[in-house]
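Before any comments, here is the structure.
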Amino acid sequence: MAQLSHKKIILGITGGIAAYKSAELTRRLKEQGADVRVVMTDGAKEFITPLTFQALSGNPVSDSLLDRDAEAAMGHIELARWADLVLIAPASADFLARLTHGFANDLLSTLCLATNAPIAAAPAMNQQMWRNPATQENALTLKQRRIHLLGPGSGEQACGETGPGRMLEPSELVTAVLRLFSKAAAPAEKLSGKKVVITAGPTREALDPIRYISNHSSGKMGFALAKAALAAGAESVLIAGPVHLSTPEGVKRINTNTAQEMHTASLDMAGSADIFIATAAVADYRPETVAEQKIKKSADTMTIQLTRNPDIVAAVASLPDKPFTVGFAAETNDLISYAQGKLKNKNLDLIIANDVTRSDIGFNSDQNAVTVISAEKHQSLERASKEAIAEQIINIIASAISEAPKG
Ligand code: C5P
């Protein structure tokens, strides 16, 4: 479904190697129905040609402030007023600095000064440049001025270094843009003033210093819920197991490894939480003893004695002033009846049932389809991206707590 139809987006491209990803971004914004006009700085044109963006956006590319022909077609003030959103991706360190200081010496910076539309920027630069106090101060100033900074992500960089400064992927940027528009349309933030704590990912249970028992959970559903909770105005805290996902901007993250660590962190946080959502695939058992040295192979078979891990969500749900507590039930059979059993046995307010036999949804997939079950009703959420499912779950939780406030 085209979720950006009739939305007019100026896509500003500044000089950086990530500019090549903006070709894909243009395509994806168009796929969602947006009308995209690309504005390039001189630096951007060193990396990718305007012709590429003209072909992908279906509109002429603007690159000059003082071009008579361009001004006659759509002047810079007219362009600034045309936009519903100015999205700068990639936003170089230099551009962030010029935006912070209100420069107007090229078309893109001038548009940013002249527009009434919200501005979002996806920083992309070397990790040291991002970490530099000058860039950090600029980023802070921009955020205080309600300019939306999307990312950066963290990981391997084109320069060969590793750290924060990667431009978010085009799909992540499209999701962020959708959220910006839906937030602007939302009359009120449904969870403002609430604290939401979410467990996510797998846990690792050590056998010896180098081996562990774990599972395939990617953490994507929990991270999507943390983003959706934040977008709904909540304070959002993620208690993450070992996953390779970057922390959504504005979400507080606590890293844990084992079920016991996740249990401790959850109980620390749950007392002050209004909502607790357990998406983590916690290992049910851990090795009874952890060998101090690497276990050597000797006999043909070996037995590992396991001991039960604490049930985190059940522990939270048995607190005297428990938060609104939500669990997940990943099942291979009798989905609804097992989920209902867990709702009751763990004293949950809501359980999200997931059929994990389907390869197109659930574990490790970007898609999900679930049934939301409370004591009173069932609600099926059709197959969609985990982001879209997360938003719907957060909406259901928000409605449920407004009907039955904590305490
Ligand atoms: O009992 P089962 O593992 O199927 O329950 C799944 C739900 O319980 C999920 O919400 C999961 O995060 C939570 N859980 C937990 N601690 C455990 C096991 C499961 O919080 N030790």
Side-chain angles (χ1 to χ4, degrees), residues 196-206 212-226 228-229 237-243 245 253-271 273 275-288 306-319 322-357 361-364 368 370-375 381 386 389-390 393-394 396-397 400:
V196 182
V197 177
I198 300 164
T199 65
T203 63
R204 280 183 188 168
E205 311 300 329
Y212 54 81
I213 297 171
S214 191
N215 60 64
H216 292 296
S217 167
S218 64
K220 286 177 189 165
M221 195 64 235
F223 276 58
L225 280 163
V237 181
L238 254 177
I239 301 177
V243 292
L245 295 174
R253 175 173 180 168
I254 299 167
N255 284 325
T256 59
N257 228 3
T258 64
Q260 286 171 300
E261 285 170 18
M262 193 177 268
H263 180 247
T264 306
S266 297
L267 290 179
D268 277 354
M269 283 288 148
I275 299 162
F276 184 86
I277 310 176
T279 69
V282 184
D284 290 323
Y285 294 89
R286 65 178 181 277
E288 198 163 74
L306 299 173
T307 186
R308 272 295 277 273
N309 268 327
D311 191 311
I312 299 169
V313 77
V316 169
S318 67
L319 291 172
K322 79 169 177 101
F324 185 90
T325 309
V326 183
F328 271 68
E331 306 293 345
T332 54
N333 57 304
D334 299 318
L335 181 65
I336 304 297
S337 62
Y338 277 129
Q340 281 170 325
K342 283 176 192 175
L343 180 77
K344 205 156 168 270
N345 297 338
K346 299 193 188 212
N347 193 28
L348 306 178
D349 296 292
L350 217 59
I351 192 150
I352 319 288
N354 228 164
D355 176 353
V356 285
T357 55
I361 57 167
F363 264 33
N364 259 321
N368 213 348
V370 299
T371 307
V372 182
I373 301 172
S374 67
L381 306 183
K386 286 188 173 171
I389 295 283
I393 293 175
I394 290 293
I396 292 172
I397 294 173

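When reading the values below, keep in mind they use all heavy atoms of this one structure, side chains included, and skip hydrogens, waters and symmetry mates. All ligand and atom numbering here is 1-based and tracks the order in the structure.
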> Could you go step by step and tell me if Leu225 and Ile394 meet the side chain to side chain contact (heavy atoms under 4.5 Å, CB included) rule?
Replying inline: CA-CA 7 Å; Leu225 280 163; Ile394 290 293; 4.0 Å; yes

> Just how far is it from atom CD1 of Ile351 to atom CD1 of Ile373, taken to the nearest 0.5 Å?
Replying inline: 7.0 Å

>> Which residue and atom name correspond to the protein heavy atom nearest atom 4 (O) of ligand 1, and how close is it?
In response: Lys342 NZ, 2.4 Å

>> With heavy-atom distances below 4.0 Å as the criterion, list the atoms of ligand 1 near Val313.
In response: 8 (O), 13 (C), 15 (C), 20 (O)

> Backbone or side chain, does any N or O of Ala283 fall under 3.5 Å from an N or O of ligand 1?
Replying inline: no

> Nearest 0.5 Å, what's the CG-CG distance between Leu335 and Asp355?
Replying inline: 6.0 Å

> Counting heavy atoms only, which part of Pro310 comes closer than 4.0 Å to ligand 1: side chain, backbone, both or neither?
Replying inline: backbone

>> I need the Phe276 CZ to Leu348 CG distance, nearest 0.5 Å.
In response: 10.5 Å

> Is the shortest distance from a heavy atom of Asn309 to ligand 1 less than 4.0 Å?
Replying inline: no

> Out of curiosity, Thr325 OG1 to Asn347 CG, how far, rounded to the nearest 0.5 Å?
Replying inline: 7.5 Å

> Does some side-chain heavy atom of Val243 sit less than 4.5 Å from a side-chain heavy atom of Ser218?
Replying inline: no

> What protein heavy atom is closest to atom 3 (O) of ligand 1, reported as residue, atom name and distance in Å?
Replying inline: Asp284 OD1, 3.9 Å

> Which of the numbered atoms in ligand 1 are below 4.0 angstrom from a heavy atom of Ala280?
Replying inline: 11 (C), 12 (O)

> Which residue holds the protein heavy atom closest to atom 7 (C) of ligand 1, what is that atom called, and what is the gap in Å?
Replying inline: Phe328 O, 3.0 Å

> Taking only heavy atoms of Val282, which atoms of ligand 1 are found under 4.0 Å from at least one of them?
Replying inline: 15 (C), 16 (N), 17 (C), 18 (C), 21 (N)

> Judging by distance only, is a nitrogen or oxygen of Thr199 under 3.5 angstrom from one on ligand 1?
Replying inline: no

> Based purely on interatomic distance, does Gly327 place a nitrogen or oxygen under 3.5 Å from a nitrogen or oxygen of ligand 1?
Replying inline: no

>> Would you compute the distance between atom CD1 of Ile275 and atom CD1 of Ile198 and round it to the nearest 0.5 angstrom?
In response: 9.0 Å

> What do you reckon, does Val326 have a nitrogen or oxygen under 3.5 Å from a nitrogen or oxygen of ligand 1?
Replying inline: no

> Any side-chain heavy-atom pair from Val316 and Val197 closer than 4.5 angstrom?
Replying inline: no

> In terms of side-chain heavy atoms, does Arg286 have a donor or acceptor partner in Asn309 at a distance below 3.5 Å?
Replying inline: yes

> Going by the order shown, which atoms of ligand 1 are within less than 4.0 Å of some heavy atom of Lys346?
Replying inline: 1 (O), 2 (P), 5 (O), 6 (C), 7 (C), 8 (O), 19 (C)

>> Is it the case that ligand 1 has an N or O less than 3.5 angstrom from some N or O of Ala278?
In response: yes

>> How far is atom 16 (N) of ligand 1 from the closest protein heavy atom, and which atom is that?
In response: Ile312 N, 2.9 Å

> Should Thr199 and Ile277 count as side-chain neighbours, where that means a heavy-atom distance under 4.5 Å?
Replying inline: no

